[in-house]
Number of protein chains: 2
Amino acid sequence: MQRTDSPETPGPPNREPIPEPPWWSSPRDAAERSRTPLTRDAIVEAALAVLGREGLDALSMRQVAAELGVGAASLYWHVSGKEHLLTLVLDRVIGEIPRPEPDPTRWQEQIRQFARDTRTAFQRYRGVARASMGRVPVGPNFLLVVEWQLSLFEQAGLPKRPAAWFGDLLALYVAAHALEDDVRAGETDDPGEIAAMLESYFATLPPERFPALTASAPNLMAGSPDDRFEFGLELILRGLEAMAERERAT
Amino acid sequence: MQRTDSPETPGPPNREPIPEPPWWSSPRDAAERSRTPLTRDAIVEAALAVLGREGLDALSMRQVAAELGVGAASLYWHVSGKEHLLTLVLDRVIGEIPRPEPDPTRWQEQIRQFARDTRTAFQRYRGVARASMGRVPVGPNFLLVVEWQLSLFEQAGLPKRPAAWFGDLLALYVAAHALEDDVRAGETDDPGEIAAMLESYFATLPPERFPALTASAPNLMAGSPDDRFEFGLELILRGLEAMAERERAT
DNA sequence: ACCTGAACACCGTTCAAGT
DNA sequence: ACCTGAACACCGTTCAAGT
């Protein structure tokens, strides 16, 4: 804002910003190193950025550090290791799942919507679904989700044991489906080709050795991912109903 | 067998086996390099050995090669890469699942037993369950299993689409459960400690913020892995029944 | 308290070269 | 046809050292 080339300025006019001596700034703070002082949250965010851009296989501590313009060793002050980082990332993504006020009169629809929202959250961050398999993300957001689910089931009057165990099953189902979504588009970087490959491969199989398979091939491949997701979702909900009934009978 | 120190042997008696000149044998063929000429099957077997001994994280092309007394580069003649090797390993394990003659009169029990057998096969080879997630193991054994399942469903009179889609769901369920089995015992190398840790952690949570969770904690942890496996298995079978009914109604 | 560089002990994969 | 050694471009993690 201040004009330095006014007539009263002595000496020769100079419009250029005066260059700083190079040793005033470290070699890499300009674009790379954000001046924020490297918090755990910033590391998680950087991991999500790498994940979205390059996928899970490319997610290394070194890449995350590079994303922040920092040495890899620096991360270890804030995070105990890669395993810990992945847990934090997972919990961060779980935090994006909406948890509406439980309404026992329509608990089934709320669970359906919760499942869809969870799938959507995973779809936003490619690779996280795979990272979630075999990892219990005991973080604050995970706990909130469990609490939400259990209280919904409780208010809906479901028996305790089936309710508690169903949560695991649902999480598993959604995560596995999200993983399939990832595989289909992105992680193996061939969009819908894989289905076509499978279908044409099935077509080459000898029908006398694989009668049922070759006959069912259209059914196996039929339906959009969404259709299949909804089918499985409905299936496990009906199963839950049946198991709750059985429990009440005892 | 042949005694060389017999009296008629001329010269001084020599009981020591005559050492071969060192260049007669390459430096490493004695114990390491089996004289079998490195087939694809041998590589798969070596991978299973490493897997069982060290777990999935330690399964590297170099380790597998070392197991065979061979350079890592040699594997690439028989196998296109690590991804390919994992697919082969997976199909190999799937091959151990029994496929009894389909009996439509007791198809539900046959499916239940199939699920249990699949879990057992995974339990025999720690780490394979995790490797299976997100990988479609289109190998001969996988195809045989799919064929077996479809023909059983067909003979049982299940509608085609639910039958075809149910296979995926079941595979998913069993694999995810097997993965949990792995995590519980071995992969994270703490046997049943993890459950205790979780339970004591839950106990520290403030009941006013997590009323349902703290109240349900005993139910969440209750039951043996087998009980939980059977619960989920029964649940999805009941769900299948319901979905088949719905399909028949349309 | 927080971050660094350098090092350690590994990876998967390629490739010219050997037999 | 099958296997090798050496190299390339990476890994996760540790640790003494700096500020």
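Letters A, B, ... are given to chains in the order of the sequence lines, protein chains preceding strands, and every chain is numbered from 1. Keep in mind that this is a model prediction, so the values were computed, not measured.
- Distance CE (M61(A)) to C1' (dC10(C)): 16 Å, rounded to an integer number of Å.
- Mapping R62(A) and A58(B) onto DNA chain C by nearest heavy atom places R62(A) at the nucleotide closer to the 5' end.
- Side chain of K82(A), nearest nucleotide from dG12(C), dT13(D), dT14(D): dT13(D).
- Residue Q63(A) places at least one side-chain N or O closer than 4.0 Å to OP1 or OP2 of dC11(D).
- Both distances falling under 3.5 Å, in either a Watson-Crick or a G-U wobble arrangement, place dG12(D) opposite dC8(C).
- Taking the six-membered ring for Trp and the full ring otherwise, the centers of F229(B) and Y173(B) sit less than 6.0 Å from each other.
- One interatomic measurement links the two molecules: NE2 of H84(A) to C1' of dT13(D), which rounds to 16 Å at whole-angstrom precision.
- If you check every strand for non-hydrogen atoms under 4.0 Å, S60(A) touches sugar and phosphate atoms only.
- Listed pair W77(B) / dC3(D) fails the phosphate criterion, with no side-chain N or O lying under 4.0 Å from OP1 or OP2.
- Remark: side-chain polar atoms of R62(B) are not paired, donor with acceptor, to backbone N or O of A72(B) under 3.5 angstrom.
- When every heavy atom of V174(B) is checked against every heavy atom of R119(B), the shortest pair comes out as CG1-N, 3.7 Å.
- Rounded to a whole angstrom, the distance from the P atom of dC10(D) to that of dA9(C) is 22 Å.
- Looking only at distances, a side-chain donor or acceptor of D182(A) sits under 3.5 Å from a matching main-chain atom of G127(A).
- Remark: P of dC10(C) and CG of L59(B) are 15 Å apart, rounded to the nearest angstrom.
- Interatomic distance, L51(B) CG to R130(B) CZ, rounded to the nearest 0.5 Å: 9.5 Å.
- Using N1 to N3 plus N6-O4 or O6-N4 for Watson-Crick, or N1-O2 and O6-N3 for G-U wobble, each under 3.5 Å, dA17(D) pairs with nothing.
- When rounded to the nearest whole Å, the span between OH of Y76(B) and P of dA16(C) equals 17 Å.
- The base-pairing partner of dC3(C), taking Watson-Crick or G-U wobble contacts with both distances under 3.5 Å, does not exist among the strands shown.
- We find that CG of L75(B) is positioned 11 Å from C1' of dC3(D), with the value rounded to whole Å.
- Taking atom CG of L68(A) as the reference point, atom P of dC3(C) lies 10 Å away to the nearest angstrom.
- Distance CZ (R40(B)) to P (dC3(D)): 13 Å, rounded to an integer number of Å.
- Nucleic acid contact for E83(A): none, since no nucleic acid atom lies under 4.0 Å from a heavy atom of the residue.
- A straight line from NE2 of H78(A) to C1' of dT4(C) spans 12 Å, rounded to a whole angstrom.
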